[in-house]
Student: 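Have a look at the structure that comes next, please.
Quick note on labels: first sequence line is chain A, next is B, and so on, each numbered from 1.
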2 protein chains.
Amino acid sequence: MINVSIIEDHQDFRKGLSSLLDASEGFTCIDTFISAEDGIKYLSGDEELLLLDINLPNMSGIEAIPLIKKKFPGLKIIMLTILDDDNTIMEAILSGADGYLLKKTPPIQILASLKECINGGSPMTPSIAKKVLMLFKKYIPKNNESFSLTKREIEILNLLVEGLSNISISKKLFISIQTVRNHIRHIYEKLQVHSKSQAVVKAIREGLV
Amino acid sequence: MINVSIIEDHQDFRKGLSSLLDASEGFTCIDTFISAEDGIKYLSGDEELLLLDINLPNMSGIEAIPLIKKKFPGLKIIMLTILDDDNTIMEAILSGADGYLLKKTPPIQILASLKECINGGSPMTPSIAKKVLMLFKKYIPKNNESFSLTKREIEILNLLVEGLSNISISKKLFISIQTVRNHIRHIYEKLQVHSKSQAVVKAIREGLV
DNA sequence: CTGTCAATGACGCATTTGTGTCATTTTTAC
DNA sequence: GTAAAAATGACACAAATGCGTCATTGACAG
């Protein structure tokens, strides 16, 4: 038996969800709230799972996540949303939600998702998953070939990013410091930079490391 | 009608999938291959969707993605995998797959996922979605206060990350180069680093910029 | 009102860095 | 088998950097 609570300001959707849960084998809806503030104040802690609307009057669902998690660290939180806006998703992820469902998700799917979440998964509708992947790729570009660095140059670039000085690099690779400086010179030319800090920034930003 | 092809080296799983597809309303399995190499060579381009195993002999499914995408840019690729290893998922995402399903996913779920994928979503099983979220959070840390840098120090740190030299910074901020060096000195102390490159790496990795 | 801290500025000095020019030996590619 | 690219190494020099020490001013907290 999975105990669930709901925070959702629209009466019809709230009632619909709680009825769905109570009517379904293995689920009980033990509490419902119409605002994040109410939920934070009156959540009993008896539920294993919380369905949390994002668009709430006053405090948003996203702002509520860290506060609720602080009070009940083990509680799983699944966000409900009508909009799959990039920023919203991003914020929800970073705030620590455990799943993200669009409100139009069919009931059977919702129930399946709740079970998955209890079992440690992060259910999300495919369209939201798509957004997450796109965000991910945006933040981790991962170019490699474009600057045509050689193996050795990439190796040295990595050591630069680790913060090693030329002399440390030369000792680590058992080569002369002059050689290290030569490699670095070539790295600069290829990345079109003129200092270590510029090189490491570019290396990180372009995903060369 | 959704046309699907399959690349999967295990005969039983391959046959099972193709039978499932052909037996299901709205799906046709138009081709199957036992290796990535075969798929790349002989895919007709008539399919809208490809089910691609990750663990294949010789060339892995992940290596195959960019090659296949290059030949058929519009083709949707869903990865099939038994293991939800972090690195594998990461690589698959960055290689540009459109969905990620565990092989143990129930048939009904698989068919639903294929439809979702065709409609532009990125279906993934909740346990994989969980991994993706964790990876995401790992790569976007988002700290700020922890090093208690002053406003001015943050300002200068940003300019360092932009690759400016001390002189350029002093000119930009209308202060003496000595002052700039002083600020940088304090930044180093707070970040516990000893060079510009170390500072900018830390600034980026810790999300200070 | 006094002490702490941020921001500003300075001098000095050993080291490191960025860059120019050159040379030898392996690897790789055609 | 030869030409190009990569990896190794060197010398030199101006500029930048990292760090030690010190001083003045303004803001803010107790």
Side-chain angles (χ1 to χ4, degrees), chain A residues 143-209, chain B residues 37 59 63 66-67 70 143-209:
Chain A
N143 280 354
N144 256 37
E145 322 304 287
S146 37
F147 297 97
S148 60
L149 296 175
T150 67
K151 266 219 306 279
R152 199 57 155 173
E153 286 161 359
I154 288 179
E155 190 177 11
I156 287 177
L157 185 53
N158 271 281
L159 297 176
L160 285 184
V161 171
E162 283 176 30
L164 301 196
S165 65
N166 297 357
I167 218 167
S168 316
I169 294 176
S170 80
K171 281 177 182 156
K172 185 152 202 160
L173 300 182
F174 305 105
I175 56 180
S176 143
I177 187 173
Q178 299 301 335
T179 305
V180 173
R181 300 180 76 192
N182 241 335
H183 284 303
I184 291 179
R185 179 203 310 257
H186 291 140
I187 293 173
Y188 288 177
E189 282 164 11
K190 290 180 181 175
L191 298 191
Q192 303 197 62
V193 299
H194 301 280
S195 75
K196 282 193 187 182
S197 34
Q198 291 178 339
V200 299
V201 169
K202 195 145 194 171
I204 294 177
R205 295 248 195 257
E206 303 283 342
L208 302 174
V209 293
Chain B
E37 289 87 343
M59 182 186 287
E63 296 170 67
L67 300 174
K70 191 169 180 183
N143 277 1
N144 257 36
E145 319 304 285
S146 37
F147 296 96
S148 61
L149 295 174
T150 68
K151 265 216 312 276
R152 199 57 153 174
E153 285 162 0
I154 289 180
E155 191 177 8
I156 287 178
L157 184 52
N158 271 282
L159 296 176
L160 285 184
V161 171
E162 284 175 32
L164 274 65
S165 65
N166 296 359
I167 284 230
S168 316
I169 295 176
S170 80
K171 282 178 183 155
K172 186 153 203 162
L173 300 182
F174 305 106
I175 55 180
S176 143
I177 187 174
Q178 300 300 336
T179 305
V180 174
R181 299 180 76 190
N182 242 335
H183 285 303
I184 292 179
R185 179 203 311 257
H186 291 139
I187 294 172
Y188 288 177
E189 282 165 10
K190 290 180 180 174
L191 298 190
Q192 303 197 64
V193 299
H194 303 278
S195 74
K196 281 193 189 185
S197 34
Q198 290 177 339
V200 299
V201 169
K202 196 145 193 172
I204 295 177
R205 296 249 197 254
E206 302 283 343
L208 300 174
V209 294

Student: Let me confirm one number: the NZ-CD1 distance from K172(A) to I169(A), rounded to the nearest 0.5 Å.
Tutor: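 Interatomic distance, K172(A) NZ to I169(A) CD1, rounded to 0.5 Å: 9.5 Å.
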Student: Look at K196(B) and dT17(D) and indicate whether a side-chain polar atom (N or O) is within less than 4.0 Å of OP1 or OP2.
Tutor: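 True: K196(B) side-chain N/O within range (under 4.0 Å) of dT17(D) OP1/OP2.
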Student: Between I167(A) (CD1) and dT17(D) (C1'), how many Å, whole number?
Tutor: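 Answer to the nearest Å: 15 Å.
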Student: Provide, to the nearest angstrom, the distance between the CG atom belonging to N166(B) and the C1' atom belonging to dG9(C).
Tutor: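 Value for this atom pair: 15 Å.
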Student: Using salt bridge (charged side-chain N to carboxylate O under 4.0 Å, His left out) as the criterion, list what pairs up with E155(A), not counting sequence neighbours.
Tutor: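 Per chain and number, E155(A) pairs via salt bridge (charged side-chain N to carboxylate O under 4.0 Å, His left out) with R152(A).
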Student: Kindly indicate whether the side chain of L173(B), heavy atoms from C-beta on, has any atom under 4.5 Å from the side chain of I156(B).
Tutor: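 Yes, close enough: below the 4.5 Å cut-off.
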Student: What residues from residues 170-192 of chain B pass a heavy-atom cutoff of under 4.0 Å to DNA chain D?
Tutor: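 Contacting residues: R181(B), R185(B), Y188(B).
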Student: Expressed in angstrom and rounded to an integer, what is the separation of I156(A) atom CD1 from dG9(D) atom P?
Tutor: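 One finds 11 Å between P of dG9(D) and CD1 of I156(A), rounded.
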Student: Could you tell me the separation between the CD atom of Q198(B) and the P atom of dT17(D), rounded to a whole number of Å?
Tutor: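 Rounded to whole Å, this separation is 15 Å.
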Student: For the CG atom of L191(B) and the CD atom of E206(B), what is their distance to the nearest 0.5 Å?
Tutor: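 If I round to the nearest 0.5 Å, the distance is 8.5 Å.
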Student: Should T150(B) be listed as having a side-chain N or O under 4.0 Å from OP1 or OP2 of dA7(C)?
Tutor: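 Yes, T150(B) has a side-chain N/O under 4.0 Å of OP1/OP2 on dA7(C).
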Student: Using whole Å, report how far CD1 of I169(B) lies from C1' of dA7(C).
Tutor: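 Rounded to the whole Å, the gap is 15 Å.
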Student: If I take atom CG from residue N166(A) and atom CD1 from residue I177(A), how far apart are they, to the nearest 0.5 angstrom?
Tutor: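 If I round to the nearest 0.5 Å, the distance is 5.5 Å.
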Student: Hey, is the side chain of S195(B) poking within less than 4.0 Å of OP1 or OP2 on dT17(D), counting only N and O atoms?
Tutor: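 False: S195(B) side-chain N/O out of range (4.0 Å or more) of dT17(D) OP1/OP2.
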Student: Can you find a heavy atom in the side chain of T150(B) that is under 4.5 Å from one in the side chain of K190(B)?
Tutor: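 Touching, per the 4.5 Å side-chain cut-off.
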Student: Could you state the NZ-P distance from K151(B) to dT8(C), rounded to the nearest angstrom?
Tutor: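 From K151(B) NZ to dT8(C) P: 11 Å.
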